[in-house]
Amino acid sequence: MGIGAVGNMYEDECRRSLAEEQAKSLAETNDWEHVDRERVHQDWDVLYREIAALLDGGSLPGDQRIQELVRRHFDIVCRFYIPSREAYVGMSLFYAEDEAMRAFHDSYHPGMVEFMGAAIKVFAEQGSGFAPSAGAEASA
């Protein structure tokens, strides 16, 4: 089996994990009724603006500052539910594959979706204790 096939199998697993974990969470939380969506969108707006500025400065997905920002992204995601590594990578695939999500993210920077996908993969591969940061859920 070639590397491409392994990559596709992993990506399929990530898509499946995202779908299953989100469906379970939505069912258990009355469609994420507990989430302050206005606050989440404000926090993501600030975060994506910070990332876009660093993209223009030549930052790379694995740079420490970028990984700190991805940690913030993950913590915001955890206000909805705590995804597995695979589901979190699946989210980056969803950003790339869903037309509306791609347009939203790329409205911050034309390379945002690809950059976030690469940065999320680095985060998932390197992350230890794949859980929200201390205090992250307090701002939910």
Side-chain angles (χ1 to χ4, degrees):
M1 190 178 324
I3 291 175
V6 170
N8 289 339
M9 287 173 30
Y10 177 69
E11 289 179 358
D12 287 346
E13 177 186 348
C14 292
R15 288 181 191 95
R16 190 171 36 259
S17 293
L18 177 67
E20 290 171 1
E21 291 176 29
Q22 283 189 347
K24 181 177 187 260
S25 176
L26 284 162
E28 291 174 350
T29 62
N30 194 28
D31 295 331
W32 295 325
E33 185 176 62
H34 66 286
V35 176
D36 181 344
R37 292 170 196 230
E38 184 177 332
R39 172 73 187 269
V40 163
H41 289 289
Q42 290 170 355
D43 291 346
W44 265 327
D45 180 63
V46 169
L47 177 67
Y48 290 142
R49 289 177 192 279
E50 288 180 52
I51 293 170
L54 291 171
L55 270 169
D56 285 336
S59 292
L60 300 173
D63 290 352
Q64 181 178 348
R65 181 65 186 131
I66 295 298
Q67 287 302 299
E68 290 168 359
L69 294 171
V70 173
R71 163 50 75 184
R72 279 180 38 206
H73 181 271
F74 179 78
D75 288 341
I76 294 168
V77 169
C78 289
R79 295 180 199 173
F80 294 88
Y81 75 103
I82 300 171
S84 66
R85 291 176 201 274
E86 293 77 17
Y88 192 50
V89 171
M91 184 175 296
S92 73
L93 296 170
F94 176 66
Y95 289 173
E97 295 165 353
D98 181 84
E99 190 174 316
M101 291 302 284
R102 175 177 280 282
F104 169 76
H105 287 87
D106 281 350
S107 71
Y108 287 93
H109 188 283
M112 182 67 80
V113 166
E114 279 75 19
F115 188 83
M116 283 298 294
I120 285 172
K121 286 176 185 162
V122 169
F123 180 82
E125 291 168 2
Q126 294 179 353
S128 60
F130 211 69
S133 298
E137 291 184 55
S139 59

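Please read these numbers as outputs of a predicted model, since none were measured by experiment.
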Those residues that, when tested against Phe94, pass ring pair (Phe, Tyr, Trp, His ring centres under 6.0 Å) (two or more places apart):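 Partners of Phe94 by the ring pair (Phe, Tyr, Trp, His ring centres under 6.0 Å) criterion come out as none, since no residue qualifies.
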Could you pull out all residues at least two apart from [X] that satisfy side-chain contact (heavy atoms from CB on, under 4.5 Å)?
| X | value |
| --- | --- |
| Ser107 | none |
| Ala118 | Pro61 |
| Arg102 | Ala96, Asp106, Val113, Glu114 |
| Gln42 | Glu38, Arg39 |

To check you understand the geometry: which heavy-atom pair defines the closest contact between [X] and [Y], and what is its length?
| X | Y | result |
| --- | --- | --- |
| Arg79 | His34 | O-NE2, 2.8 Å |
| Ser25 | Tyr81 | OG-CB, 3.2 Å |
| Glu21 | Ala87 | OE1-CB, 3.1 Å |

State, yes or no, whether a side-chain contact exists between [X] and [Y] at a heavy-atom distance under 4.5 Å.
| X | Y | result |
| --- | --- | --- |
| Phe104 | Tyr95 | no |
| Phe80 | Gln22 | no |
| Tyr88 | His73 | yes |
| Leu47 | Tyr108 | no |
| Glu86 | Val89 | no |

Euclidean distance, [Y] [atom2] relative to [X] [atom1], rounded to 0.5 Å:
| X | Y | atom1 | atom2 | result |
| --- | --- | --- | --- | --- |
| Leu54 | Arg49 | CG | CZ | 14.5 Å |
| Arg71 | Ile76 | CZ | CD1 | 12.0 Å |
| His41 | Trp44 | NE2 | CH2 | 6.5 Å |
| Ile120 | Arg85 | CD1 | CZ | 14.0 Å |
| Glu11 | Ser92 | CD | OG | 8.0 Å |
| Glu13 | Glu20 | CD | CD | 9.5 Å |

[X] and [Y]: same hydrophobic cluster, using ILVMFWY side-chain contacts below 4.5 Å?
| X | Y | answer |
| --- | --- | --- |
| Leu93 | Met116 | no |
| Leu60 | Phe123 | no |
| Leu26 | Val40 | yes |
| Ile51 | Met101 | yes |
| Phe74 | Val122 | no |

Under 3.5 Å, is there a donor-acceptor pair linking the side chains of Tyr48 and His109?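 The criterion, which ignores hydrogens and geometry beyond distance, is not satisfied for His109 and Tyr48.
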Could you pull out all residues at least two apart from Glu68 that satisfy side-chain hydrogen bond (donor to acceptor under 3.5 Å, both in side chains)?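 side-chain hydrogen bond (donor to acceptor under 3.5 Å, both in side chains) list for Glu68, sorted by chain: Gln64, Arg65.
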